[in-house]
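One structure is given below, encoded as structure tokens.
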Amino acid sequence: FHTACLNFSAGDRAIQGVTDSVRAAVRIILVHLRSDLADEPNWINSKEGRSSCQRKVRSDRRQLCRLASVLAAFVRQSLREQRLGLQAWRHVSDFELVARDPGCGADLGASLGMLLSLGEQAFYSTQDQASRPALVVAKMMKILEGWHR
């Protein structure tokens, strides 16, 4: 019993560490991903250009925050549910794990079915479960690289 409690506590700390790291990454994204100010080198003089840039900033921020939630959900699945999802009495398919993920409330966010488009659900359900978090991080990095100056 004591070993089980220690294992649960270690797993709980691991989940909390992931949650804290994802939140910190989102805060950094929200603070630093912005359009340039008037006194900065890449300032866009035209009003249309600035407006377009601001729309792209908002879009990329939303996308990165959504992907951060997807990342946390995939890590949660790897740490908690593994291949059985929340239903330990039967096997759960990859598609069911991705599309019908129930989420877990305030702990690590919304369900994957709400966060992913149908195309993304189909894509991630064909990928190895262990590689899904890395694929999400790669997608986030691609968006951020577009802003590298």
Side-chain angles (χ1 to χ4, degrees), residues 7-8 10-38 40-88 90-149:
N7 288 341
F8 176 81
D12 198 44
R13 282 192 305 275
I15 288 279
Q16 191 58 48
V18 169
T19 303
D20 293 343
S21 297
V22 169
R23 283 185 187 139
V26 168
R27 281 192 298 270
I28 289 168
I29 288 167
L30 292 176
V31 167
H32 293 289
L33 184 59
R34 60 175 178 75
S35 53
D36 291 313
L37 301 174
E40 293 177 329
N42 293 324
W43 168 254
I44 300 171
N45 255 344
S46 74
K47 188 174 182 177
E48 300 83 28
R50 278 194 311 274
S51 179
S52 171
C53 182
Q54 289 168 348
R55 279 193 302 277
K56 176 138 177 57
V57 166
R58 283 192 301 271
S59 172
D60 284 353
R61 279 178 158 187
R62 276 193 304 272
Q63 177 78 331
L64 287 164
C65 289
R66 182 185 70 84
L67 288 171
S69 294
V70 170
L71 172 62
F74 281 148
V75 170
R76 172 183 45 81
Q77 284 183 346
S78 293
L79 291 175
R80 279 197 182 157
E81 290 100 34
Q82 293 295 325
R83 296 283 301 142
L84 297 177
L86 295 174
Q87 302 171 0
R90 68 179 180 88
H91 178 75
V92 176
S93 72
D94 281 318
F95 184 76
E96 192 171 6
L97 201 56
V98 171
R100 295 186 180 83
D101 169 69
C104 58
D107 185 354
L108 277 179
S111 93
L112 285 168
M114 292 173 55
L115 294 168
L116 298 172
S117 69
L118 292 176
E120 288 173 323
Q121 289 175 18
F123 171 74
Y124 287 118
S125 67
T126 63
Q127 305 303 311
D128 181 58
Q129 183 189 14
S131 67
R132 291 174 190 160
L135 291 168
V136 174
V137 169
K139 195 170 184 177
M140 292 173 77
M141 292 303 299
K142 186 175 181 179
I143 293 169
L144 289 171
E145 285 172 2
W147 288 97
H148 185 69
R149 298 173 187 169

Fill in the blank from the handout: Between Glu120 and Ser117 the two heavy atoms that sit nearest each other are OE1-N, 2.9 Å
Handout entry: Phe74 side, atom CZ; Leu115 side, atom CG - distance, nearest 0.5 Å
Key = 9.5 Å
Exercise for the section: Examine distances only and state if a side-chain atom of Ser59 and a backbone atom of Arg55 form a donor-acceptor pair shorter than 3.5 Å. Expected result: no
Handout entry: Spacing of Cys65 atom SG and Arg27 atom CZ [to the nearest 0.5 Å]
Key = 11.5 Å
Exercise for the section: In sequence, state the C-alpha distance, the side-chain angles, and the governing distance for Arg23 and Thr19, and then conclude on side chain to side chain donor-acceptor pair (under 3.5 Å). Expected result: CA-CA 6 Å; Arg23 283 185 187 139; Thr19 303; 5.6 Å; no
Handout entry: Nearest-0.5 Å distance, CD1 of residue Ile143 to NZ of residue Lys56
Key = 7.5 Å
Completion exercise
Note: Val22 and Ala68 closest approach over all heavy atoms is CG1-O, 3.6 Å
Completion exercise
Smallest heavy-atom separation, Val136 atom then Val70 atom, equals CG2-CG1, 3.7 Å
Exercise for the section: Specify the closest pair of heavy atoms between Gln127 and Leu135, including all atoms of both residues, with the distance to one decimal. Expected result: CG-CD1, 3.5 Å
Practice task
Search all heavy atoms of Ile29 against all heavy atoms of Arg61 and return the closest pair with its distance.
Solution key: O-NE, 4.3 Å
Handout entry: Test log, rule side-chain contact (heavy atoms from CB on, under 4.5 Å), inputs Val26 and Ser69
Key = CA-CA 9 Å; Val26 168; Ser69 294; over 6 Å; no
Handout entry: Gln63 and Arg66: CA distance, side-chain angles, deciding distance, side chain to side chain donor-acceptor pair (under 3.5 Å) verdict
Key = CA-CA 5 Å; Gln63 177 78 331; Arg66 182 185 70 84; 3.0 Å; yes
Practice task
Compare every heavy atom of Tyr124 with every heavy atom of Arg132, then report the nearest pair and how far apart it is.
Solution key: NE-O, 2.8 Å
Fill in the blank from the handout: In this structure, CD1 of Ile28 is separated from CG of Leu33 (nearest 0.5 Å) by 12.5 Å
Completion exercise
The reported gap from CG in Leu67 to CG in Asp60 (rounded to nearest 0.5 angstrom) is 10.0 Å
Handout entry: From Lys139 atom NZ to Leu64 atom CG, the distance as rounded to the nearest 0.5 Å
Key = 10.5 Å
